[in-house]
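Okay, so here's the structure we're looking at.
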Protein chains: 2
Amino acid sequence: MAAPKLSDIAKRVGVSTAAVSLALNKGETTRVGPKKRAEILRAAAEMGYYPNELAKALAERRTRLLGLVVPLRDPIFFNQFIAQALSGIQSTLMRRGYNLLIFSPSGKPGRETRDQIMESRFTDGLILINTRSCTSQDVTDTINELKTAGIRFSMINSYYGRAPINYVGVDDAKLGEAAANYLASKGHRKIAFLSGSATLPAHLELTKGLQRGLSKHGLKLPSERVGCTQYERERAFTILDEWFDNKRDQPTAIFTADEQLLLHLYDYIEARGLSVPEDVSVLARGNVGLGDRLRPRPTSLVIPTFRMGELAAEMLIDEIEKPNGKSQRVLLPFELAPGTTA
Amino acid sequence: MAAPKLSDIAKRVGVSTAAVSLALNKGETTRVGPKKRAEILRAAAEMGYYPNELAKALAERRTRLLGLVVPLRDPIFFNQFIAQALSGIQSTLMRRGYNLLIFSPSGKPGRETRDQIMESRFTDGLILINTRSCTSQDVTDTINELKTAGIRFSMINSYYGRAPINYVGVDDAKLGEAAANYLASKGHRKIAFLSGSATLPAHLELTKGLQRGLSKHGLKLPSERVGCTQYERERAFTILDEWFDNKRDQPTAIFTADEQLLLHLYDYIEARGLSVPEDVSVLARGNVGLGDRLRPRPTSLVIPTFRMGELAAEMLIDEIEKPNGKSQRVLLPFELAPGTTA
DNA sequence: TTGAAAGCGCTAACAC
DNA sequence: GTGTTAGCGCTTTCAA
């Protein structure tokens, strides 16, 4: 018994498929007489009719599906940042009646975004979350590709350019400055910056901000005190060893650029038996959901990741539903979350 | 400039749409002559042609989309168990060329599954992950609904019935027995069980197993030593207070039924200033990715959640692609992961 | 080898 | 008001 379709109902009741479609979908329209409608509804229920969303979507030229693009090799679901953003996205999608399509990475390195663009004929638009593996070049390339393909999208994080796109992020230069300010006002003179990679957009912004902030306190950020771990634990340990073996120039405070780096730092602190903040102060960027479970509780400049997802989805759906609107670039405020480490 | 379609290419090259479809999709078939094919391919590339997956899907009656159903009110992306399973699912989907559709919860309580079944006309099949909020009744109801709707699916976790469905889980009775065995052999006589809710399928299985295991050591699991927190922190604290205020009958070991309960227990232990395992031993079920970040590191009976997701997806896709196959019920082995708490 | 044509199941424009 | 019809963009027989 194949699934009943619109025309089956039509045949049974003795009306046109159009009438059935109308009766079923356009609630209180006048297009169908009340008793004909009742008959149709009853038949549909009896036959256990469910619409074929696919056919519907093809005819309406819209799927109410948004695609998620995460240019990242790692499994995306373990990343707290992404988890937060996804929750925010979901909250909007739920409210507006959309669903989320998660593309499986193609496996062919570099081609992911392109492939996902192709698949996107299945979706009404794309949400892009930039992660620590996106260079500034990657990001602008992607933007161009999407623009020329005429695909609607909305981007989260790590784009500091000026192209007119839907974007939600934070002002990382400002965040860096705030970090410098905070630590310097606490009396720290030797402040180190633990980062991922010097080529990351966020790294550049944060560094800029740190320098600006420090210079207001008559301080500097010498390159020996900027450590790029490439997100490798080993490398992080090497860098930290260098900092802490050098008794004379040992930093008294460390600012970490993201969650992963903070975890490595915690591991190091535990391994070396340091006390925080006695031996060294720690200030972290990000790490939203993590703060609760870490001991000691990190002092952080928290990024509103959930809200970012929520907003990005909102902006995208707005653009889809009323194509006249302008694209927006939104920078959300960050917040100091007190912990015991700085 | 609307997106070019098959017929645009056909018109331009001067062939039928069928020829274009063949040339583009059926690689080395003999249906199209080599130079005609070359021409078609070139034209397609020049015009920047991407197929409309929607139309394709409608014609082929398959989307290569799998839907995810999580009957849970909470944001699903924060649940480590689900995150693990999702990663496993993704790994299979990637290998087999499918994508994942995440339904947004409808908001109407109780209707979620039904709604998602309707939406499922968009997908080739459904993956269901049962969580701690699923009663045994919920699960069987869902199974029946899906069966009568003729929807293919594959279920993860918490179904201990015998219906012939694709299912991946662990033998929780056996796990409970193993827990009892482990703790009893370490000399514990007063073993308590911290669980979520007495109505959960897993609770029943675990209890059964614990009792079986304990009785082999001449021990019992009195009802005072089974605590159901309803996953509320307050309630957990009340129960634990009762256990620890009663000096005479204080448990020397606690077995926790899942990750969330373990976290509450850790909070309690910290708040009350207990030492583990000196004051009390802790053995946890599950908590795969969490173990690394918790201090002290929990001793756990680890469930292969990633593998569960991987397998569930595999089984579902197999059934979709060769409908003759039988459905399978797979119970995966759990493993003792040593920590410092028991 | 190739082209024409009939769907896939639904919506929406257009007659009646 | 109600029914008819022409698509949506692609795949796949079936003739030629």
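Naming: A, B, ... by sequence-line order, numbering from 1 per chain.
Rounded to an integer number of Å, the gap from B:K11 NZ to C:dG3 P is 15 Å. In this structure, CG of B:L24 is placed 16 Å from P of D:dG9, rounded to the nearest angstrom. Atoms NZ (B:K5) and P (D:dC10) sit 8 Å apart, rounded to a whole Å. The nearest whole Å value for the distance from the CG atom in A:L58 to the C1' atom in D:dG7 is 9 Å. The separation between B:R61 atom CZ and C:dA6 atom P is 17 Å, rounded to whole Å. Atom CZ of B:R62 is separated from atom P of D:dT11 by 11 Å (rounded to the nearest Å). Atom CG in B:L6 sits roughly 13 Å away from atom C1' in D:dC8 (whole-Å rounding). Note: CG (B:L22) to P (D:dC10) measures 14 Å, nearest angstrom.
Between A:R96 and A:D318 there is a salt bridge, since at least one side-chain N of the basic residue sits less than 4.0 Å from a carboxylate O of the acidic one. For the pair B:E321 and B:R64, the salt-bridge criterion is met [side-chain N within less than 4.0 Å of a carboxylate O].
In this model, the phosphate group of D:dC10 is not approached by any side-chain N or O of B:S21 to a distance below 4.0 Å at OP1 or OP2. Between B:N25 and D:dT11, a side-chain N or O to OP1/OP2 separation shorter than 4.0 Å is present. Close to D:dC10, at under 4.0 Å from its OP1 or OP2, lies a side-chain N or O of B:Y49. Contact check, A:K36 against D:dG3: a side-chain N or O comes under 4.0 Å of OP1 or OP2.
Judged by distance alone, with hydrogens and angles left aside, the side-chain atoms of A:S104 form a donor-acceptor pair with the main-chain N or O of B:Y98 at under 3.5 Å.
Closest to the side chain of B:S16, out of C:dC10, D:dC10, C:dG3, is C:dG3. Checked against C:dA12, C:dC10, D:dC10, the side chain of A:A18 finds its nearest nucleotide in C:dA12.
Ring planes of B:F77 and A:F77: parallel class, angle under 30° (limits at 30 and 60°).
Taken to the nearest 0.5 Å, the CD1 atom of B:I102 stands 11.0 Å off from the CG atom of A:L65.
If A:A19 and B:A59 are placed on DNA chain C by their nearest nucleotide, the residue sitting closer to the 5' end is B:A59.
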